[in-house]
> 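Handing you this structure, nothing more for now.
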2 protein chains.
Amino acid sequence: MSGSEEGEEAVPDDVSDDVSADVPWLDVREMRAWLRLVAVLELLPGTLDAQLRRDAAMTHFDYMVVSQLSEAPGRTLRMTALAQRTNATLPRLSHVVRRLEERGLVERAPSPEDRRATDARLTDAGLAAVVDAAPGHVRAVREHVVDALSSEQVEQLAEIAEALLRRLDPDGRMTDLYDPA
Amino acid sequence: MSGSEEGEEAVPDDVSDDVSADVPWLDVREMRAWLRLVAVLELLPGTLDAQLRRDAAMTHFDYMVVSQLSEAPGRTLRMTALAQRTNATLPRLSHVVRRLEERGLVERAPSPEDRRATDARLTDAGLAAVVDAAPGHVRAVREHVVDALSSEQVEQLAEIAEALLRRLDPDGRMTDLYDPA
DNA sequence: CGCTGTTAGTTGTAGGTACAAGCATCGTTC
DNA sequence: GAACGATGCTTGTACCTACAACTAACAGCG
């Protein structure tokens, strides 16, 4: 797994139990990758948000919500399903959908099948908003991500991200791991 | 969505305003990589924050701040330098450092050289907090990221992230691109 | 039925971040 | 040496998210 080519301090990690068990520090390569990833985590979301807020008056998360709805049959999804497709918790989604409803982009109705459930449906205005926002967003994604990478790197990124998601969400409760085939 | 392989600019749009110029949609591979990256962007920060808040009563960003200070000569850095090392804007850093100062982890003093500038210095309590928080944090980073990847993937990740950062921050105003050598 | 536990969603609140001013200080120019 | 813009940082406000209750409805079981 981790390449130990050079001077790594071999710490005797015979610790008994708890959280304070010795953890091998990151070596130079790992540290470099990690610090750069952190920088991306810090900068990329803000960049995407800024573009969408400026050009379409919505958050990147808002965009994911309406975008997912626009691709769903009947432009409708149950809150739980929508939460999974957007990697969100239910409370967060609930707040966001309420705001989108206040803006007239989404409608909510109790599901006929299960009276606990709520169906969120994209309105015509909501669909128009997605159609309007999509080109600028795709452009931003290309500029800042896809076009910055070689086609091999795009493939590598897909696999790396998948490996991370398996750890972040082992049961796939949130993520779909989206594999369009 | 987006099956077409080539054939861009099929539409005679002829817009003078370049914002709405046609952008080629993402193909299946690109889309898969992108959606997975988005999921990571959504889940990883929260995971890191949760661990640090639970075990050390601080945000991941707080940790970066105190961690950077702990490695600086004299445990002191000018606000601007600290902002660059943490990929943060100055307003954000200002708020955070104020809170850290209220908790006694950091001290602020006007710089002797430039009376506009502020030097942030890690206190003894602050250093203790870093030392305390580090093992658990490193463990989390290993669990959720480093150990999820092969050593080739770690290397690939470093290069991919670097490529992205060049686009996200072309002038390196924020990121250092940290290359310990 | 009534009890228990799980699932689906909402809401309240506390806390962090972005954006936009604002206020000093410095440097340079004329 | 006064004026002008640039730099370094702070503050105020608005918004978004996380976490923790809380309600309502289903499902199984005696």
Side-chain angles (χ1 to χ4, degrees), chain A residues 41-55 57-65 76-103 106-121 171 173-174, chain B residues 41-54 57-65 77-103 106-121 171 173-174:
Chain A
L41 294 177
E42 210 65 63
L43 297 180
L44 187 49
T47 303
L48 295 171
D49 272 3
Q51 182 270 320
L52 279 167
R53 294 183 62 128
R54 179 166 42 80
D55 298 344
M58 61 173 80
T59 298
H60 181 245
F61 184 73
D62 291 341
Y63 179 82
M64 294 215 301
V65 169
T76 302
L77 281 174
R78 191 168 277 190
M79 291 293 281
T80 304
L82 188 50
Q84 179 178 4
R85 284 177 167 70
T86 54
N87 321 303
T89 60
L90 221 29
R92 179 185 181 187
L93 181 64
S94 184
H95 283 297
V96 169
V97 167
R98 177 180 47 72
R99 276 171 239 150
L100 290 174
E101 188 173 33
E102 287 167 2
R103 293 170 55 186
V106 167
E107 285 172 349
R108 278 189 292 186
S111 164
E113 305 157 356
D114 186 338
R115 270 183 301 178
R116 294 171 300 180
T118 304
D119 286 338
R121 183 179 163 283
D171 306 328
R173 308 172 75 88
M174 293 181 166
Chain B
L41 293 177
E42 210 65 63
L43 297 181
L44 187 48
T47 302
L48 295 172
D49 272 3
Q51 182 271 322
L52 279 168
R53 295 184 62 127
R54 180 166 41 81
M58 60 174 82
T59 298
H60 181 245
F61 184 72
D62 291 343
Y63 179 82
M64 293 216 303
V65 168
L77 281 174
R78 190 169 277 189
M79 291 292 282
T80 304
L82 187 52
Q84 179 178 3
R85 283 177 166 71
T86 54
N87 321 303
T89 60
L90 221 28
R92 180 184 181 187
L93 181 64
S94 183
H95 284 296
V96 169
V97 168
R98 177 179 48 72
R99 275 172 239 147
L100 290 174
E101 188 173 34
E102 288 167 3
R103 293 170 55 185
V106 167
E107 284 171 350
R108 278 189 292 186
S111 164
E113 304 157 356
D114 185 336
R115 271 184 299 180
R116 294 171 298 180
T118 304
D119 285 339
R121 183 179 164 282
D171 306 327
R173 310 171 74 89
M174 292 181 166

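Values below: all heavy atoms of this structure, side chains included; hydrogens, waters and symmetry mates excluded. Lettering follows sequence order; numbering is per chain, from 1.
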> Consider the side chain of A:Thr118, meaning its heavy atoms from C-beta on, and name the nucleotide among C:dT10, D:dT17, C:dT17 that approaches it most closely.
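Closest nucleotide among those given: C:dT10.
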> Counting heavy atoms not belonging to B:Arg115, are there more than 12 under 6.0 Å from its CZ?
no
> Donor-acceptor pair, distance only, cut-off 3.5 Å: does the side chain of B:Thr59 make one with the backbone of B:Phe61?
no
> Mind calculating the distance between CG (A:Asp119) and P (C:dA8) to the nearest angstrom?
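That distance rounds to 13 Å.
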> How close or far is atom P of D:dT17 from atom CZ of B:Phe61, stated in whole angstroms?
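These atoms are roughly 19 Å apart.
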> Closest-nucleotide mapping onto DNA chain C: is A:Ala50 or A:Leu90 further toward the 5' terminus? I mean the 5' end.
A:Leu90
> Nearest heavy-atom pair of B:Asn87 and A:Leu43: which atoms, and what distance?
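Shortest heavy-atom separation between B:Asn87 and A:Leu43 comes out as O-CD2, 3.9 Å.
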> How close or far is atom P of D:dC16 from atom CZ of A:Arg92, stated in whole angstroms?
11 Å
> Please list, chain by chain and in numerical order, all residues satisfying ring pair (Phe, Tyr, Trp, His ring centres under 6.0 Å) with A:Tyr63, sequence neighbours excluded.
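Result, ring pair (Phe, Tyr, Trp, His ring centres under 6.0 Å) vs A:Tyr63: A:His137.
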> Consider side chain to side chain contact (heavy atoms under 4.5 Å, CB included). Of A:Leu100, A:Asp62, A:Thr76, which one does A:Val106 pass it with?
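Going through A:Leu100, A:Asp62, A:Thr76 one by one, the side chain to side chain contact (heavy atoms under 4.5 Å, CB included) with A:Val106 is satisfied by A:Leu100 alone.
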> Between atom CD in A:Gln84 and atom C1' in C:dA8, what is the gap in whole Å?
14 Å
> Generate the contact string for nucleotides 20-29 of chain D. Rules: B means base contact, S means sugar-phosphate contact only, - means no protein heavy atom under 4.0 Å.
B----BS---
> So, is A:Arg108 close to the C:dT10 phosphate, meaning a side-chain N or O under 4.0 Å from OP1 or OP2?
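A:Arg108 to C:dT10 OP1/OP2: side-chain N or O found under 4.0 Å.
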> What's the CE-P distance between A:Met79 and C:dA8, to the nearest Å?
12 Å
> Grab the CG-P distance between A:Asp49 and C:dA18 for me, whole Å please.
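Rounded to the whole Å, the gap is 9 Å.
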> For the pair made of CZ in A:Arg78 and P in C:dA8, what is the distance, rounded to whole Å?
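In whole Å, C:dA8 P lies 8 Å from A:Arg78 CZ.
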> If you check the A:Arg53 side chain, which of D:dA18, C:dT10, D:dC16 turns out closest?
D:dC16
> Could you list by number each residue of residues 93-103 of chain B showing a heavy-atom separation from DNA chain D of less than 4.0 Å, or answer none if no residue does?
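Per residue number, the list reads B:Ser94, B:His95.
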> Does the pair A:Leu41 and B:Leu41 meet the rule for a side-chain contact (heavy atoms from CB on, under 4.5 Å), with working shown?
CA-CA 6 Å; A:Leu41 294 177; B:Leu41 293 177; 3.5 Å; yes
> Taking C-beta and beyond as the side chain, do B:Met64 and B:Arg85 meet within less than 4.5 Å on heavy atoms?
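Not in contact.
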> Please determine whether side-chain contact (heavy atoms from CB on, under 4.5 Å) holds for the pair A:Arg78 and A:Asp114, giving the CA-CA distance in whole Å, both sets of side-chain angles, and the decisive distance to 0.1 Å.
CA-CA 10 Å; A:Arg78 191 168 277 190; A:Asp114 186 338; 4.1 Å; yes
> Nearest-Å distance, CG (B:Leu82) to P (D:dG8)?
14 Å
> Please name the pair of heavy atoms, one in A:Met79 and one in A:Leu90, separated by the smallest distance, quoted to 0.1 Å.
O-CD1, 3.9 Å
